[in-house]
Enquirer: 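Please see the structure below; I have some questions.
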2 protein chains.
Amino acid sequence: MPTLLDKPPVTAAEKTYLQLRRAIVEGQIPPAAKLSEADLAETYDVSRAVIREAVGRLEGIRLVERTANVGARVVALSLEALAELYQVREALEGMAARLAALTMDEREVEDLHRLLVHHRHSIKDSETYYQEDGDVDFHYRILQGSKNKHLIALLMGSIYHATRMYRVQLGMAGPRIARAFDEHHHIVDAIAHRDAELAEMLMRRHIQHTRQEIESKLLAQSTASKAKLA
Amino acid sequence: MPTLLDKPPVTAAEKTYLQLRRAIVEGQIPPAAKLSEADLAETYDVSRAVIREAVGRLEGIRLVERTANVGARVVALSLEALAELYQVREALEGMAARLAALTMDEREVEDLHRLLVHHRHSIKDSETYYQEDGDVDFHYRILQGSKNKHLIALLMGSIYHATRMYRVQLGMAGPRIARAFDEHHHIVDAIAHRDAELAEMLMRRHIQHTRQEIESKLLAQSTASKAKLA
DNA sequence: TTAGCTTTTATTGTCGACAATTAGTTAGTC
DNA sequence: GACTAACTAATTGTCGACAATAAAAGCTAA
């Protein structure tokens, strides 16, 4: 998965930020967990100042909530927060698809088609191969095609991490394969035809479906844990 | 203007953050200016650690860009950055209006109408009274009506500050009065009628018009400074 | 046993100092 | 005069220590 920071980190704070972000998103540090600066400083072998910088940045991308004089905590996952996240994502990625339809050049569109062909082969060869990476790659390409750095920073610097966090916690292998592929295909067609309106609409619908999938999984999980109590 | 942080700041870092943010948005610290931690620490009578926290937060809301080992600089204003900002704003506020149409209750909608009536009187009594505040208040109300905390945080915590910064630098007194009022009115009508689609469309168009206004002002200003050289 | 108050402990916020890096200045060469 | 290398100064990044605050623990009375 390409990231905004493909360059190696320069400062210890940045390196620690990346490490912490990964630990949170992948679940080593679970949702709602309290973050202790002293503990983390020991774990990562840096001073507390470095941890504070890193945690401050994690707060900025909404993976962490900080309370003055109390400390920082990983955000808790909830249906409400998920809905809010996906409404934001829908708006931003809809706009990204719209812009992509207007600004992507022929070669970029070709690359996108080629990516789809590649994904189709992956689906046939192995249903577990390239599932989430394919989806992420697809969205990444559209986003780059938007040519809007602000949009890119918002989605890749923040939204996508939160999205991934839900997936990891729900043990989701990746997005729906066949239907998602169809949706990808239609989106690319709209972009290729420079139909910004349609591209946006299809992307937004695609995001809505993804949201529904995660919501039902989250509901099923909380129902299952309730059944355990009975 | 109501802010997300109506409570007085608890920590020195937060207080300094608010002060710095204001200084940047209102132009006391101009765009592209280099920020010196030592100078700022002296100016605000705090330690450098406090400044670093505050500047880190300003980076998180994209008012400041930081380079490792070099320092921080207020973002430069440009046509390109303005376009990107407004594309993001359009997507988010369009979504906010859509959600407001779906979630605002009758009393909230009434309050919104009352606000419009109040604005109409302000326009008649004095064309300079409540111009920008009215617009901001309007958008604030819609945003609150969306009931999406993530959306609210993005717009009020970041986007609106950048928007204000452009206005201040361009010496703009506020938004277009008569036409903006009409647009506000249509948006409120759509919300009152629970027409989410229309509310979103009208809000997005409203934002587009605002963008065009700022762009032409920015162009006029850069043309004028070029004419001075000749 | 529970609730409220006080004390203790742990943690966060801020400080000044040292280490590391970059930008600016100066001297030498062509 | 222009360019380059070396040196110096300024600034940023990180450190450990102290101050301030909240949470936890302990004690007492009802």
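Numbered from 1 within each chain, the chains take letters A, B, ... in sequence-line order. Bear in mind that the values here come from a model prediction, so they are computed numbers and not experimental data.
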Enquirer: Whole-Å distance between dT12(D) C1' and Arg73(B) CZ?
Expert: 14 Å
Enquirer: Determine whether Ile51(B) and Thr16(B) make a side-chain contact, defined as any pair of heavy atoms from C-beta on separated by less than 4.5 Å.
Expert: yes
Enquirer: For Glu26(A), is the CD atom crowded, meaning more than 12 foreign heavy atoms sit under 6.0 Å from it?
Expert: yes
Enquirer: Using a heavy-atom cut-off of 4.0 Å across all strands, would you classify Ala68(B) as base, sugar-phosphate, or nothing?
Expert: sugar-phosphate
Enquirer: Less than 4.0 Å between a side-chain N and a carboxylate O, is that true for Glu93(B) and Arg211(B)?
Expert: no
Enquirer: Indicate yes or no: at least one non-hydrogen side-chain atom of Leu85(B) is less than 4.5 angstrom from one of Thr163(B).
Expert: yes
Enquirer: I need the CD-P distance between Glu42(A) and dA10(C), as an integer number of Å.
Expert: 14 Å
Enquirer: DNA chain D: Arg48(A) or Val70(A), which has the more 5' nearest nucleotide?
Expert: Arg48(A)
Enquirer: Does Leu35(A) reach a base, just sugar-phosphate, or nothing at all? Heavy atoms under 4.0 Å.
Expert: sugar-phosphate
Enquirer: For Leu40(A) and dC15(D), what is the distance between atoms CG and C1' respectively, to the nearest whole Å?
Expert: 17 Å
Enquirer: Does OP1 or OP2 of dT12(C) have a side-chain N or O of Lys34(A) closer than 4.0 Å?
Expert: yes
Enquirer: Output the single nucleotide from dT12(D), dG13(C), dC15(C) whose closest atom is nearest the side chain of Arg52(A).
Expert: dG13(C)
Enquirer: Round to a whole Å and report the spacing from CD1 of Ile51(B) to C1' of dG13(C).
Expert: 14 Å
Enquirer: What nucleotide among dT14(C), dT12(D), dG13(D) has an atom nearest to a side-chain atom of Thr11(A)?
Expert: dG13(D)
Enquirer: Using heavy-atom distances to pick each residue's nearest nucleotide on DNA chain C, tell me which of Val10(A) and Val50(B) is more 5'.
Expert: Val50(B)
Enquirer: Going by the angle between their ring planes, with limits at 30° and 60°, are Phe138(A) and His206(A) parallel, tilted or perpendicular?
Expert: perpendicular
Enquirer: Atom CG of Asp39(A) and atom C1' of dA10(C): how far apart are they, to the nearest Å?
Expert: 11 Å
Enquirer: Between dT12(D), dT14(D), dT12(C), spot the one nearest the side chain of Glu37(A), thanks.
Expert: dT12(C)
Enquirer: Can a donor-acceptor pair under 3.5 Å be found between the side-chain atoms of Arg66(B) and the base atoms of dG13(D)?
Expert: no
Enquirer: Could you give the CD-to-C1' distance, from Glu14(A) to dT14(D), as a whole number of Å?
Expert: 15 Å
Enquirer: Starting at the 5' end of DNA chain D and moving along, which residue's nearest nucleotide shows up first, Ala38(B) or Asn69(A)?
Expert: Ala38(B)
Enquirer: From the options dT14(C), dC15(D), dT12(D), select the nucleotide whose nearest atom is closest to the side chain of Val46(A).
Expert: dC15(D)
Enquirer: Starting from P on dT14(D), measure out to CD on Glu53(A) and report it in whole angstrom.
Expert: 7 Å
Enquirer: Look at all strands and tell whether Ala12(B) reaches a base, only sugar-phosphate, or nothing, counting heavy atoms closer than 4.0 Å.
Expert: sugar-phosphate
Enquirer: Check the distance between dT14(D)'s C1' and Asp45(A)'s CG and give it to me in whole angstrom.
Expert: 13 Å
Enquirer: Scan Ala13(A) against the nucleic acid and name what it touches under 4.0 Å (heavy atoms): base, sugar-phosphate only, or nothing.
Expert: sugar-phosphate
Enquirer: Between Ser47(B) and dT14(C), is there a contact of a side-chain N or O with OP1 or OP2 at under 4.0 Å?
Expert: no
Enquirer: Check whether any side-chain heavy atom of Met165(A) lies under 4.5 Å from a side-chain heavy atom of Ile24(A), and answer yes or no.
Expert: yes
